[in-house]
J.: 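Attaching a single structure in structure tokens format; questions to follow.
Values reported hereafter were calculated over all heavy atoms of this structure, with side chains retained and with hydrogens, waters and symmetry mates removed.
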Amino acid sequence: MGLVVRLLPLPKTYSCSFFPKPMESSLGTVLMLMLVATTAAQYSCNCPTNRRATCNTNSGSCFCTLLDSNREIDCSTLTSKCLLMKTEATRKQPRGFVRPEHAFVDNDGLYNPDCEDSGIFKARQCNQTDTCWCVNSAGVRRTDKSDTNLKCPELVRTNWIFIELKHKEREPAFSESELKNSLQQVFQTRYMLNPGYITEIEYKPPFIHVDLKQNKSQKVPEDVDIADVAYYFEKDVKGDSVFPSSNTFNLSVNGAPLEIEKILIYYVDEKPPEFSMKRLTAGVIAVVVVVILAIIIGITVLVITNKRRTGKYEKVEIKEMGELRRTQNS
């Protein structure tokens, strides 16, 4: 009997889609990473220092402009006070209503400023009207109001900002050293201020005094301006922060909240302001009038008193002379 051997066909081989080839796997990974990176860039395109900014990506880069404006801003630092005020004034104007021809608003606090291309204030401001005045580098009026013929030859720098705070009453008071350290950290980290410009922090419970000083010769282009810092800080304290809502303002001392009730900011310029006496405020005029009246009344009382005393002496002298004559006649 012979041996019969049957050769069976070898099974076919199949490629499985669940196990891509090495080249296809690498390409898919790269495409996925690019998609994730693009999506992340779109979501991360925002302005961390100004919530009133609109940001968009262009060719993979993030560009931010002020609301209601095409002015591009640098979100790596604080936005200038002039541009912030301009945005606020523009947004607070009523839409759809025509202003009466001769209507005007005396708005020394918030007005619609004219800014240089660099973002700083122009030396002369008119608030879109025919009434003009000169301002300092903080945008604060430093002259009387006049007409459009007013000349402001230079933008005088504010080199000293005096901040006065009052916190809610508490017992015991904060530790002075801890309070100073906390405020120093806030100005340095939140507002990116060089600590060398924070020259003094005083604490006399419940009052706090902060001095910011920055001369023109000291400031380098990378430094934030103390006027911008003070404006950001004031907006934070008053609950109208310029920062996005994700960047909350938490002022505390060693874990205890530092609740500010009142804030006053004073500006000191390199040159004294140029206000005339005729533009004194009503309060100052009232004080001057009271002082003048007090002086006049005092002089009047003194004159009357002296006259009465003189009259008494004259009567006594006449009486004595009459008695002397009667004695001589007798």
Side-chain angles (χ1 to χ4, degrees), residues 78 80-82 84-85 88-89 106-111 113 120-121 123 125 127 133-145 152 154-168 176 179-180 182-184 186-188 190-219 223-242 249 251 258-277 279-288:
L78 303 186
S80 73
K81 181 181 176 181
C82 187
L84 291 175
M85 285 179 58
E88 292 174 52
D106 187 7
N107 213 351
D108 266 346
L110 177 63
Y111 60 92
I120 65 173
F121 289 93
Q125 298 291 332
N127 199 21
W133 60 92
C134 300
V135 300
N136 56 22
S137 60
V140 179
R141 182 163 65 93
R142 50 175 279 109
T143 65
D144 298 327
K145 291 185 177 180
C152 304
E154 64 174 326
L155 181 68
V156 179
R157 177 164 181 78
T158 298
N159 61 348
W160 178 11
I161 292 183
F162 181 106
I163 303 175
E164 188 178 280
L165 307 167
K166 180 185 178 184
H167 67 68
K168 287 186 177 180
E176 184 174 5
L179 182 139
K180 287 182 177 181
S182 297
L183 286 174
Q184 185 101 12
V186 166
F187 280 102
Q188 187 175 350
R190 185 173 178 83
Y191 308 112
M192 297 173 278
L193 182 64
N194 185 323
Y197 298 137
I198 308 171
T199 57
E200 187 172 9
I201 299 178
E202 278 186 300
Y203 181 45
K204 296 180 181 179
F207 297 101
I208 306 167
H209 155 225
V210 180
D211 269 348
L212 307 180
K213 292 185 179 181
Q214 185 184 60
N215 294 324
K216 186 176 182 179
S217 58
Q218 294 176 301
K219 187 178 181 298
D223 287 336
V224 293
D225 195 287
I226 57 173
D228 300 337
V229 171
Y231 194 67
Y232 266 76
F233 180 64
E234 182 180 18
K235 302 292 280 186
D236 273 339
V237 168
K238 292 182 176 180
D240 187 23
S241 179
V242 179
F249 178 62
L251 195 57
L258 176 58
E259 299 175 284
I260 304 298
E261 286 185 328
K262 186 178 180 181
I263 177 171
L264 286 173
I265 299 180
Y266 302 89
Y267 302 88
V268 181
D269 298 342
E270 290 180 342
K271 296 181 179 180
E274 300 172 1
F275 294 108
S276 63
M277 294 296 290
R279 296 284 184 162
L280 290 175
T281 62
V284 176
I285 291 174
V287 172
V288 172

J.: Determine which pairs satisfy salt bridge (Lys or Arg N to Asp or Glu O under 4.0 Å) with at least one residue from residues 191-206, sequence neighbours left out, and list them in order.
T.: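 Listed by first then second residue: nothing to list.
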
J.: Output all residues satisfying ring pair (Phe, Tyr, Trp, His ring centres under 6.0 Å) with F187, sequence neighbours left out; order by chain, then residue number.
T.: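 Applying ring pair (Phe, Tyr, Trp, His ring centres under 6.0 Å) to F187 gives Y191, F233.
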
J.: Salt-bridge test for E88 and K235: reply yes if a basic N is under 4.0 Å from a carboxylate O, no otherwise.
T.: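 Answer for the salt bridge query: yes.
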
J.: With sequence neighbours left out, what residues match K168 under salt bridge (charged side-chain N to carboxylate O under 4.0 Å, His left out)?
T.: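 If we apply the salt bridge (charged side-chain N to carboxylate O under 4.0 Å, His left out) test to K168, skipping adjacent residues, the hits are E259.
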
J.: Taking only residues two or more places apart in sequence or in another chain, which ones pass salt bridge (charged side-chain N to carboxylate O under 4.0 Å, His left out) with E261?
T.: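 Counting only residues at least two positions away or on another chain, E261 forms no salt bridge (charged side-chain N to carboxylate O under 4.0 Å, His left out).
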
J.: Quick check on the 6.0 Å ring-centre criterion: do H209 and Y266 meet it?
T.: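 Ring-ring flag for H209/Y266: false, centres at least 6.0 Å apart.
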
J.: Kindly write out the residues that satisfy salt bridge (charged side-chain N to carboxylate O under 4.0 Å, His left out) with E176, not counting sequence neighbours, or none if the list is empty.
T.: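 Counting only residues at least two positions away or on another chain, E176 forms a salt bridge (charged side-chain N to carboxylate O under 4.0 Å, His left out) with K180.
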
J.: Rounded to the nearest 0.5 Å, what separates atom OG1 in T158 from atom CD1 in I265?
T.: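 Reported value, rounded in 0.5 Å steps: 11.5 Å.
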
J.: Under 3.5 Å, is there a donor-acceptor pair between the side chain of D211 and the main chain of T199?
T.: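 Not a single qualifying donor-acceptor pair exists.
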
J.: Measure the CG-OH distance between L212 and Y267 for me, rounded to the nearest 0.5 Å.
T.: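 The distance works out to 10.5 Å.
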
J.: Measure across V224 and M192 and return the closest heavy-atom pair with its distance rounded to 0.1 Å.
T.: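 Looking at all heavy atoms of both residues, the shortest contact is CG2-O, 3.4 Å.
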
J.: For T143, give me all partners under side chain to side chain contact (heavy atoms under 4.5 Å, CB included), at least two apart in sequence or on another chain.
T.: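 T143 satisfies side chain to side chain contact (heavy atoms under 4.5 Å, CB included) with W133, C134, L150, E274 once adjacent residues are dropped.
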
J.: How about S80 and D228: does a side-chain donor come under 3.5 Å of a side-chain acceptor?
T.: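 Side-chain D/A pair, S80 to D228: absent.
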
J.: Starting at NZ of K238, measure out to CD1 of I263 and round the result to the nearest 0.5 Å.
T.: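 Going from NZ on K238 over to CD1 on I263, the span is 7.0 Å.
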
J.: Output all residues satisfying salt bridge (charged side-chain N to carboxylate O under 4.0 Å, His left out) with K213, sequence neighbours left out; order by chain, then residue number.
T.: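 With sequence neighbours excluded, K213 shows a salt bridge (charged side-chain N to carboxylate O under 4.0 Å, His left out) to no residue whatsoever.
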
J.: What pairs with D223 under side chain to side chain contact (heavy atoms under 4.5 Å, CB included), at least two apart in sequence or on another chain?
T.: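 Listed in chain order: N194, Y197, Q214, K219, V220.
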
J.: Please enumerate all residues that pass side chain to side chain contact (heavy atoms under 4.5 Å, CB included) together with P113, with sequence neighbours excluded.
T.: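 Scan of P113 (side chain to side chain contact (heavy atoms under 4.5 Å, CB included), adjacent residues dropped) gives C82, M85, K86, Y111, C115, F121, Q125.
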
J.: Which pairs with one or both residues in residues 262-273 pass salt bridge (Lys or Arg N to Asp or Glu O under 4.0 Å), sequence neighbours excluded?
T.: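 Counting only pairs at least two positions apart or across chains, the salt bridge (Lys or Arg N to Asp or Glu O under 4.0 Å) contacts touching residues 262-273 are R142-D269, E154-K271.
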
J.: List for me each residue that meets side chain to side chain contact (heavy atoms under 4.5 Å, CB included) alongside I120, sequence neighbours excluded, and say none if there are none.
T.: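 With sequence neighbours excluded, I120 shows a side chain to side chain contact (heavy atoms under 4.5 Å, CB included) to E116, S118, L155, given in chain and number order.
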
J.: Please identify each residue that fulfils side-chain hydrogen bond (donor to acceptor under 3.5 Å, both in side chains) with K216, with sequence neighbours left out.
T.: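 Scan of K216 (side-chain hydrogen bond (donor to acceptor under 3.5 Å, both in side chains), adjacent residues dropped) gives none.
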
